[in-house]
There are 2 protein chains.
Amino acid sequence: MNKRKTNTTEASILKAAKTIFLHKGMDGARMQEIADEAGINKSMLHYYFRSKELLFKAVFMEAFSTLAPQLNEILNADSSICDKIKGFSHNYITFVIAHPYLPNFILQEMNRNNEFVNDLISKNHFPSIKKFKLQVKEKVADGTLRPIKAEHLFINIMALNIFPFVASPLLKKVLDTSDTQFKNLIEERKTEVAEFIINAIKV
Amino acid sequence: MNKRKTNTTEASILKAAKTIFLHKGMDGARMQEIADEAGINKSMLHYYFRSKELLFKAVFMEAFSTLAPQLNEILNADSSICDKIKGFSHNYITFVIAHPYLPNFILQEMNRNNEFVNDLISKNHFPSIKKFKLQVKEKVADGTLRPIKAEHLFINIMALNIFPFVASPLLKKVLDTSDTQFKNLIEERKTEVAEFIINAIKV
DNA sequence: AAAAGGTTTAACTAAATGGTTGACAAATGT
DNA sequence: ACATTTGTCAACCATTTAGTTAAACCTTTT
């Protein structure tokens, strides 16, 4: 068994596939392009991953597995709602600055191929909103928070953090900002977003 | 000149192309599929639109032209900021419920082919944030609004209104809602979103 | 050092895909 | 009525693309 070579080849394929799939999506990606990116023969892709679809699933899985756990900071941590919002916004934006194509990739492919995400559910258990719902209900009941459904608050937190990355080309045009100016805006949002949300929900 | 036939054929091609492109994107769409959807021969697509790319541009243009003007309600109307936010949120969500694939299509294709959006700029003049910026600055200065940059407020308004449509498959999973339950949430957001934003910015 | 077994490559295949052509039909002008 | 233009289609073409194959190539084992 040639373990060393196997590992590095498989890893370099995955890395290349990630680059190409994240930039071009399933439909726009070409197996030859992935092979070129990895600097190997196209047959290797099939040798290690059998088909384009399986290679894509491996990439999607990996991408999803890096993003999904971050939701747990909001949904399942034990801290207060304010701390969760502050922590999540800061950490999430920091993370996505380092992986700017991830959110768009995942949202796009979930829209494209809804059914295959259902496979993903059973194995990789989705984060659940249950605990967060109880926490919000409680704080609304005791008057600490303005009345709001946990679902809406969750959607709002996601929207404010994720949307700027998904819509960056549009926003850059409307705001008429350069790349660096836009990066500065994003940087500001690490604190701006949490502040905005907390102002909206605190009594 | 066979004007009647020309008009109906061209229109049915555009309609079919819209359906296919909006669901599958440029890369995922097939010319044959568009022809089938329109119930005509594939040659007709080239007869009327020359190439896949030109047909796609026609569809994108039309899609963009229906969405862009809505931004003017926020950016260039003469009403108060509160009224703008209330009006826009309600109108926009109502509109997108009727055209659920539009926002995702536009964001996705702007991410995919950034340069060709630049062509679009010169012809179809992009909405500008100038006026809105002045209005926000003024209201922050006179103490009516909490301090916030117009850019962030604009991004937030866009995010809260658009994101739920773009991320619906993900949100449905995390929130564990049925399609009808999710539709109800969206319906609630027609007022919920504006309320949330106004709470966040009013002193 | 030779067999064995996993790894890699060039060449190949079959199907799909965007686009073209030429024949033909339908409408329009004279 | 007849010629000309315009619209439509089936068949075709060139290229691209995912996937296959068989031989070569290492690396380890014996």
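We use all heavy atoms of the structure for the numbers below, so side chains are in, but hydrogens, waters and symmetry mates are not. Quick caveat, the model's predicted, so the values are computed rather than measured. Letters A, B, ... mirror the listed sequences (proteins, then strands); counts begin at 1.
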>> So, OP1 or OP2 of dT8(C): does either fall under 4.0 Å of a side-chain N or O from Thr9(A)?
In response: yes

> Is Arg30(A) near enough to dA18(D) that one of its side-chain N or O atoms lies under 4.0 angstrom from OP1 or OP2?
Replying inline: yes

Indicate, with yes or no, if the rings of [X] and [Y] have centres closer together than 6.0 Å.
X	Y	result
Phe196(B)	His152(A)	no
Phe165(A)	Tyr92(A)	no
Phe105(A)	Tyr101(A)	no

[X], nearest nucleotide to its side chain (from [options]):
X	options	value
Ser43(B)	dG18(C), dA11(C), dA10(D)	dA10(D)
Tyr48(A)	dT8(C), dA11(C), dT20(C)	dT8(C)
Tyr47(B)	dT8(D), dG19(C), dG19(D)	dT8(D)

>> Using a strict threshold of under 4.0 Å (side-chain N to carboxylate O), is an ion pair present between Asp179(B) and Lys172(B)?
In response: yes

> Does a distance-only test, which skips hydrogens and angles, find a donor-acceptor pair under 3.5 Å between the side chain of Ser51(A) and the base of dA18(D)?
Replying inline: no

> Taking atom types as they are modelled, is there a donor-acceptor pair under 3.5 Å from the base of dG19(C) to the side chain of Lys42(B)?
Replying inline: yes

For atom [atom1] of [X] and atom [atom2] of [N], their distance in whole Å:
X	N	atom1	atom2	result
Asn41(B)	dA25(C)	CG	C1'	14 Å
Glu53(B)	dG18(C)	CD	P	13 Å
Lys52(B)	dT20(C)	NZ	P	15 Å
Leu55(A)	dG19(D)	CG	C1'	13 Å
Glu33(A)	dG19(D)	CD	C1'	18 Å
Phe49(B)	dT8(D)	CZ	P	12 Å
His46(A)	dT17(D)	NE2	P	13 Å
Met31(A)	dT9(C)	CE	P	15 Å

> Judged by atom type as modelled, is there a donor-acceptor pair below 3.5 Å linking the side chain of Thr177(A) to the main-chain atoms of Lys173(A)?
Replying inline: no

> Base, sugar-phosphate, or nothing: which does Ala35(B) touch, judged by heavy atoms less than 4.0 Å apart?
Replying inline: nothing

> So what does Met44(A) touch, heavy atoms closer than 4.0 Å: a base, only the sugar-phosphate, or nothing?
Replying inline: base

